[in-house]
Amino acid sequence: MENLLDNLNKQQREAVEHTEGPLLILAGAGSGKTRVLTYRIAYLINEKNVYPSNILAITFTNKAAKEMKERVQSLLEGSYDMWVSTFHAACARILRTQVEKLDGYKKNFIIFDTDDQVKVIKECLKELNYNEKNFPPKEMLSSISKTKDQLMTPGRFMDRYGRDFRLKKVADIYSLYQKKLMANNALDFDDILFKTVELFQNNPDVLQYYQNKFKYIMVDEYQDTNYCQYMLVNLLAKSHRNLCVVGDDDQCIYSWRGADIGNILNFEKDFPDAKVIKLEQNYRSTQTILDAANSVIDRNFGRKSKRLWTENGEGKPIVYYKAMDERDEGDFIIGEIDRLAFQEHRDLKSFAILYRTNSQSRVIEEMCMARGIPYKIVGGHRFYDRMEVKDVIAYLRAIQDPDGDLSIKRIINVPKRGIGKATLDLLEAYARDTGNSLYEALLFVDSIDGIGKKAKNSIKDFVRLIAELMDVAEKESASAVINEVIMRSGYLEVLEKGDDEDQERGKNIKELISAALEYEEKNEDSSLQGFLENMALMSDIDGLKEEREGITMMTLHSAKGLEFPVVFICGLEEGLFPTQRAFFDEHQLEEERRLMYVGVTRAREKLYLSSAFERTIYGSSSYTMESRFLREIPKDLMIKM
DNA sequence: TCAGAACCTCTTTTT
DNA sequence: GAGGTTCTGA
């Protein structure tokens with residue numbers, strides 16, 4: 001361990017050795033904060049003899065959690081039982097054992113994702129007779145999400161806003177939405193956090209237990225926490241006060257989804273005795289790149305002053321290319337990559353193309369394809385979000401708890417078995433009238449008038465199928481159950497007989513079996529329940545296995561936390577980056593600027609910037625103006641090509 | 001019940 | 001301009 005500390009600079013070492021009491025680490029981009037966190041955990045265990053089980057480390061993504069755990073374990077050469085996970089995974093784990101203390105929830109609760117949420121909201125609107133035009137489901141969901149971030153129950157929301165004509169209706173929607181979630185024994189992503197806070201607030205003994213368990217708490221990416229997460233951390237850290245938060249206010253780019261930059265800016269107010277350590281030495285980029293980044297971010301107000309520096313040397317100037325249009329821009333980027341790969345013998349993995357919006361990737365993708373250059377696109381759709389995967393998941397949920405109406409509804413006619421909307425409406429009406437679940441209505445299908453003979457037989461077959469699958473689930477592992485589901489339901493067969501797209505889908509649901517097998521290997525708890533939770537909280541499984549050779553394309557947001565030797569930031573035009581929506585809002589503009597800062601600091605050696613003179617967006621093309629961010633970089637750092 | 005037509009929308013995204 | 005959703009008619 002002694003020589004491990006030698007691997008750190010003065011500030012880093014200070015951060016590792018300051019183990020007692022509140023600590024704020026302001027870690028600039030590329031300043032080795034992950035290193036500090038992992039060493040700190042190792043130091044706690046090895047030097048301070050802290051039990052690993054007394055440590056809680058919160059990360060932003062599952063991937064980061066996995067990496068951190070692996071790095072600690074390789075530092076200590078052993079396997080340790082500490083909690084290193086995302087907020088959601090940690091809370092889900094707590095709720096798994098404690099959820100019955102919350103009224104109305106059963107232990108085998110399921111986790112609803114955005115897709116499920118939209119469906120529930122639509123049901124709510126229908127039931128309340130509210131128009132989707134006046135109350136757009138997505139808008140409703142984001143209101144509800146923000147409300148939950150603020151720890152506001154439907155009751156509290158109604159108390160506060162109920163006198164407003166429209167907000168009263170939103171409150172009704174929120175209230176019904178929660179009822180429906182409960183009826184499905186489901187929690188959405190926000191609930192997982194919110195309910196944990198409620199659990200702690202209403203059960204002092206439970207809170208005390210976890211306060212005692214987590215004597216040392218670390219939170220990464222603290223600038224991107226929301227109010228609910230802030231509360232959670234503060235509740236847990238209250239008794240031991242060994243709270244270490246790490247973050248960079250200049251990299252707060254998620255305020256649009258509730259991240260409150262104030263959490264990090266006010267940490268010293270919350271904890272007046274907090275030790276503050278700034279990590280400003282950068283180990284990633286050239287001085288030229290850092291000068292550009294510093295110069296851009298300097299224009300933001302109200303930030304903690306920080307100035308990145310490096311011993312890496314000046315490096316190459318930044319290259320700016322003004323293209324005719326987006327095709328020319330793509331041509332230039334791919335041309336440069338081709339040239340550098342050849343002349344400088346660079347791996348395709350060294351290149352990243354970053355853009356503000358996903359739609360910008362299309363043109364560049366086409367060019368890569370035309371030239372036969374391999375590429376991969378990060379982000380976009382999760383494996384779990386694919387229609388066919390969600391269908392199979394719905395089967396699994398239904399098997400686990402057939403009273404979850406949403407799951408039954410999703411699969412009752414997948415694959416097509418002649419149970420259409422008319423039939424479903426009758427079944428739902430019956431269920432509502434008798435106070436039963438949809439599944440129970442299926443059992444009584446004979447006593448429902450108006451359903452045709454054919455449909456009735458299909459329903460009986462379906463009920464039999466579910467019953468059989470439930471039997472299988474009693475005895476078999478998750479992977480075996482999935483196999484039975486896709487075989488017995490006939491779903492796989494239908495897909496395999498379909499067009500290319502369907503065949504691809506068939507492959508995906510088979511892939512789900514591999515995912516389950518992998519899960520069973522890695523986890524002691526190989527139950528269906530555990531697998532479902534894992535899937536719901538997992539972001540992108542494809543990312544985990546495939547490390548294909550190729551250039552990387554992604555949004556600036558997705559690039560946070562990553563680094564590449566050569567980075568291209570494209571589409572530097574007013575209205576695109578910064579986005580038009582930020583023009584009249586200083587806060588939004590500052591967030592765009594932080595996004596630029598994040599993008600620039602991803603580059604190790606070379607940075608390319610580009611814009612197009614003319615760009616086609618939404619089918620219509622128009623002339624553009626160069627992004628103000630280009631002007632915010634000193635001219636002497638940049639050459640035009 | 002379902003396929004095709006018309007229609008709408010369109011920043012960023014993790015969990 | 002594309003992709004997703006809803007509507008309409010057979």
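In what follows, every heavy atom counts, from backbone to side chain, and hydrogens, waters and symmetry copies are set aside. Chain A is the first sequence line, chain B the second, and so forth, proteins listed ahead of strands; every chain is numbered from 1.
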*Asks:* Rounding to a whole Å, what distance do you find between A:R417:CZ and B:dC2:C1'?
*Replies:*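 Computing the A:R417:CZ to B:dC2:C1' distance gives 17 Å.
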
*Asks:* Send over the distance from A:K148 NZ to B:dT14 C1', rounded to a whole Å.
*Replies:*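 Atom-to-atom, A:K148 to B:dT14, this comes out as 16 Å.
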
*Asks:* At 4.0 Å (heavy atoms only), tell me whether A:F60 reaches a base, stays on the sugar-phosphate, or touches nothing.
*Replies:*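 A:F60: backbone/sugar contact only, no base atoms under 4.0 Å.
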
*Asks:* From the set B:dT14, B:dC10, B:dT13, return the single nucleotide nearest to any side-chain atom of A:Y618.
*Replies:*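 Closest nucleotide to the A:Y618 side chain: B:dC10.
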
*Asks:* Does a side-chain N or O from A:S558 land closer than 4.0 Å to OP1 or OP2 of B:dT13, or not?
*Replies:*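 Yes, because at least one side-chain N or O of A:S558 sits under 4.0 Å from OP1 or OP2 of B:dT13.
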
*Asks:* Are A:T555 and B:dT13 close enough that a side-chain N or O sits under 4.0 Å from OP1 or OP2?
*Replies:*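 Yes.
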
*Asks:* In whole angstroms, how far is the P atom of B:dT15 from the CG atom of A:L141?
*Replies:*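 The distance from CG of A:L141 to P of B:dT15 comes to 19 Å, rounded to the nearest Å.
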
*Asks:* Please confirm whether the shortest side-chain N or O distance from A:N358 to OP1 or OP2 of B:dT13 is below 4.0 Å.
*Replies:*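 Result: yes.
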
*Asks:* Calculate the interatomic distance between A:Q117 atom CD and B:dT15 atom C1'; express it in whole Å.
*Replies:*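 My rounded result for the distance is 10 Å.
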
*Asks:* Could A:K560 and A:F60 be counted as a cation-pi pair, given that NZ or CZ must be under 6.0 Å from the ring centre and within 45° of the axis?
*Replies:*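 Here A:K560 passes the 6.0 Å and 45° test against A:F60.
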
*Asks:* In whole angstrom, what separates A:E366's CD from C:dG1's P?
*Replies:*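 Distance check: A:E366 CD to C:dG1 P gives 12 Å.
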
*Asks:* Just to be sure I understand the rule, does A:A422 reach a base, reach only the sugar-phosphate, or reach nothing, if contact means heavy atoms closer than 4.0 Å?
*Replies:*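 It contacts sugar-phosphate atoms only.
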
*Asks:* Base, sugar-phosphate or nothing for A:L424? Non-hydrogen atoms, less than 4.0 Å.
*Replies:*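 Counting heavy atoms under 4.0 Å across all strands, no contact is made by A:L424.
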
*Asks:* Would you mind reporting whether A:F351 and A:I353 have side-chain heavy atoms less than 4.5 Å apart?
*Replies:*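 No, too far: nothing below the 4.5 Å cut-off.
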
*Asks:* Does A:S359 place a side-chain N or O at less than 4.0 Å from the phosphate oxygens OP1/OP2 of C:dG3?
*Replies:*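 False: A:S359 side-chain N/O out of range (4.0 Å or more) of C:dG3 OP1/OP2.
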
*Asks:* Does the aromatic ring of A:F87 sit over the six-membered base ring of B:dT15, closer than 5.5 Å centre to centre and tilted less than 30°?
*Replies:*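 It does not: the ring fails the test against the base of B:dT15.
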
*Asks:* Let's see if you can work this out: which of B:dC2, B:dT12, B:dT13 has an atom nearest to the side-chain heavy atoms of A:N413?
*Replies:*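 It is B:dC2.
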
*Asks:* Using a 4.0 Å heavy-atom cut-off across all strands, classify A:E592 as base, sugar-phosphate, or nothing.
*Replies:*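 The residue A:E592 makes base contact.
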
*Asks:* Can you tell me the distance, in whole Å, between the CG atom of A:D224 and the P atom of B:dT12?
*Replies:*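 Whole-Å distance recorded here is 17 Å.
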
*Asks:* Checking A:F112 against A:Y177 for the ring pair (Phe, Tyr, Trp, His ring centres under 6.0 Å) test, could you report, in this order, the C-alpha distance in whole Å, the side-chain angles of both residues, the deciding distance, and whether it holds?
*Replies:* CA-CA 12 Å; A:F112 270 4; A:Y177 171 81; 8.4 Å; no

*Asks:* Does a side chain donor of either A:E586 or A:Q588 reach within less than 3.5 Å of an acceptor in the other side chain?
*Replies:*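 On atom types as modelled, these side chains do not qualify, holding no pair under 3.5 Å.
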
*Asks:* At a cut-off of 3.5 Å, list every protein nitrogen or oxygen paired with a nitrogen or oxygen from nucleotides 6-10 of chain C, distance to 0.1 Å.
*Replies:*
unit_1, atom_1, unit_2, atom_2, d
C:dT6, OP1, A:K122, NZ, 3.2

*Asks:* Among B:dT13, B:dT15, C:dG1, which nucleotide has an atom closest to any side-chain atom of A:T114?
*Replies:*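 Of the candidates, B:dT15 comes closest.
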
*Asks:* Using a heavy-atom cut-off of 4.0 Å across all strands, would you classify A:T59 as base, sugar-phosphate, or nothing?
*Replies:*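 No contact.
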
*Asks:* From NZ of A:K560 over to P of B:dT12, roughly how many Å is that when rounded to an integer?
*Replies:*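 It is 17 Å, rounded to the nearest whole Å.
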
*Asks:* Going by the angle between their ring planes, with limits at 30° and 60°, are A:Y608 and A:F568 parallel, tilted or perpendicular?
*Replies:*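 Answer is parallel, since the angle falls under 30°.
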
*Asks:* Relative to the 5' end of DNA chain B, which residue comes earlier, A:T357 or A:H88, by the nucleotide with the nearest heavy atom?
*Replies:*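 So the residue in question is A:T357.
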
*Asks:* Should we say atom CE of A:M369 is surrounded by more than 12 heavy atoms from elsewhere, each under 6.0 Å from it?
*Replies:*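 Counting other residues, nucleotides and ligands, CE of A:M369 exceeds 12 neighbours.
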
*Asks:* Would you please confirm or rule out a distance under 4.0 Å between OP1 or OP2 of B:dT14 and any side-chain N or O of A:N62?
*Replies:*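 For B:dT14, neither OP1 nor OP2 has a side-chain N or O of A:N62 closer than 4.0 Å.
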
*Asks:* Rounding to an integer number of Å, can you tell me how far A:K138 NZ sits from B:dT12 C1'?
*Replies:*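 It works out to 13 Å between those atoms.
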
*Asks:* Has A:R303 got more than 12 heavy atoms of other residues, nucleotides or ligands less than 6.0 Å from its CZ?
*Replies:*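 Above 12, so yes.
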
*Asks:* Identify, with sequence neighbours excluded, every residue that meets salt bridge (charged side-chain N to carboxylate O under 4.0 Å, His left out) alongside A:D260.
*Replies:*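 None.
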
*Asks:* Under the salt bridge (charged side-chain N to carboxylate O under 4.0 Å, His left out) test, which residues partner A:R593, sequence neighbours left out?
*Replies:*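 A:E632.
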
*Asks:* Can you figure out which of B:dC2, B:dT12, B:dT15 approaches the side chain of A:K416 most closely?
*Replies:*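 For A:K416, the side-chain atoms sit closest to B:dC2.
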
